[in-house]
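Here the structure comes first, spelled out in structure tokens, and everything after it is commentary.
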2 protein chains.
Amino acid sequence: MTDTAKPRREQILDSASRLFSERGYHATSMRDLAGELGMQGGSLYAHIASKEELLIEIVNQASRQFDEALFTLRGEPMRADEKLREAMFRHIRVVADNMDSATVFFHEWKHLSPEAYGRVTGWRDTIDGFYRELVTQGVQEGTFRADLDVKMTAYLILSAVNWAYTWYRPGGSMSPREVADQFAEMLLSGLRA
Amino acid sequence: MTDTAKPRREQILDSASRLFSERGYHATSMRDLAGELGMQGGSLYAHIASKEELLIEIVNQASRQFDEALFTLRGEPMRADEKLREAMFRHIRVVADNMDSATVFFHEWKHLSPEAYGRVTGWRDTIDGFYRELVTQGVQEGTFRADLDVKMTAYLILSAVNWAYTWYRPGGSMSPREVADQFAEMLLSGLRA
DNA sequence: GGATGGGCCTAACGGGCGTTTGGGTCGGGC
DNA sequence: GCCCGACCCAAACGCCCGTTAGGCCCATCC
């Protein structure tokens, strides 16, 4: 083990993700956070500039992960149903692999300063756009029903993959792949007998 | 107009719902809240006992609305697909008619004291149970596919109706009925052509 | 017309907040 | 032997928090 411990700054970010997700950003004090790492509140400022910097970094990191997961799928030559299945898998995997920062991302982005706030709303539009494109492709190529409302369909898909942050438990009985396959199968084929 | 204005206490609850949903519970100060109503921070305590009392009341009110909307459906002699459509409509209507308190309900319940916190988790299990029962009924009567995973199906339905609080805008182009019909149609029949 | 009580104000309480400052300790490189 | 940088502490700064106390205004009612 050449480098046994993570850099202090990353440890701080990890603890901050956990505390922010459990208690919320404003309900977590810098002294709470420092206590988790066995130090005093003021000592944190040797490693970070401000509390908000932590929130910004957690949120940015999460949105980057979503981007990377989905954007590489954009131009792939796949049928829309297969692409939907894969996109849902990747989306849920990001949530499942980063439960804490994903929770912070969904809950605390409103507390960002205007610039960072704007970036998040922009991100949100991008993801919306990705799924709307996907649905449009499916309708055009005949894979999906022609009478679909593109916007509503995208909302339904987003609901399924985003809401997972409230109930999914890593280490439980289902892997992200299994969750995505089940959701995609139900969405694609419907619940009716 | 015999009683032109709402009781002061209700005005406070309304403003608190709006501010808590926009800024979050901990980021809203009692002086902020009082300012919305044109008074001083301390004056609020002529009408309420504490800040947490406001949160408890908002959350309780929201969960009562969900309960009333869904529980009256429980014993109704309807086929599962019709019942699902109606349940989703009622669920989304509660969200749409109470965007502020629904948002507070989904975001801020973690900040409740242990007793109130426990009541919310209990409520959550109840709603989960309602939708699982509904799916089970559908499978048993042959309305739904026999290979459905009851738990996952309930999660998918809950995702659709709950996530609406993030995107639905009252006064927009879609009524709760239309949203519910579209979602139910897609869920029941699937997206494939 | 005097008392009552609802509704609000000002002022203050103790305490916690995010952050800054100055200094101490300790291990590795010259 | 000395310095340097990383790391942390103790203490304090000014500010804002939720909440309380005491008093003023004024419509209503006996």
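In the text below, chain A, chain B and the rest are named by the order of the sequence lines, each starting its count at 1. Everything quoted here is computed from the prediction, not taken from an experiment.
As a whole-Å value, the separation of Met30(A) CE from dA11(D) P is 21 Å. Atoms NE2 (His26(A)) and P (dC17(C)) sit 13 Å apart, rounded to a whole Å. Residue Leu33(B) contributes atom CG, which lies 14 Å from atom C1' of dT19(D) at whole-angstrom precision. For Asp32(B) and dC16(D), the CG to C1' distance is 10 Å, given to the nearest whole Å. Rounded to whole angstrom, the span from the CZ atom of Arg9(B) across to the C1' atom of dC8(C) amounts to 18 Å. With rounding to whole Å, Met39(A) atom CE is found 10 Å from dC7(D) atom P. The separation between Ile48(B) atom CD1 and dC8(C) atom P is 13 Å, rounded to whole Å. Rounded to whole Å, atom P of dC17(C) lies 18 Å from atom CD of Glu52(A).
Within 4.0 Å (heavy atoms only), Gln40(A) reaches sugar-phosphate atoms of the nucleic acid but no base atom. Among the protein residues, Arg8(B) comes within range of the sugar-phosphate backbone only, with heavy atoms under 4.0 Å from sugar or phosphate atoms but none that close to a base.
Contact annotation: Ser29(A) side-chain N/O to dC17(C) OP1/OP2 distance is under 4.0 Å. Between Ser43(A) and dC9(D) there is a side-chain N or O to OP1 or OP2 distance below 4.0 Å. For Tyr45(B) and dT20(D), the shortest distance from a side-chain N or O to OP1 or OP2 is not below 4.0 Å.
Taking the ring centre of Tyr25(B) as origin, the terminal cationic atom of Lys51(B) falls inside the region bounded by 6.0 Å and 45° from the ring axis. Under the 6.0 Å distance and 45° angle rule, Arg132(A) counts as a cation-pi partner of Tyr155(A).
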Do Phe105(A) and Trp123(A) pass the ring-ring contact (aromatic ring centres under 6.0 Å, His included) test, and can you show the C-alpha distance, the side-chain angles, and the key distance before you say yes or no?
CA-CA 11 Å; Phe105(A) 179 74; Trp123(A) 172 89; 4.7 Å; yes
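Between Phe66(B) and Phe106(B), the ring planes lie tilted relative to each other; the angle falls in the 30° to 60° range.
In this structure a side-chain-to-backbone donor-acceptor pair under 3.5 Å is present from Arg90(A) to Ala69(A).
Residue Arg31(A) places no side-chain atom within donor-acceptor reach of the base of dG16(C), judged by atom type and a 3.5 Å distance cut-off alone.
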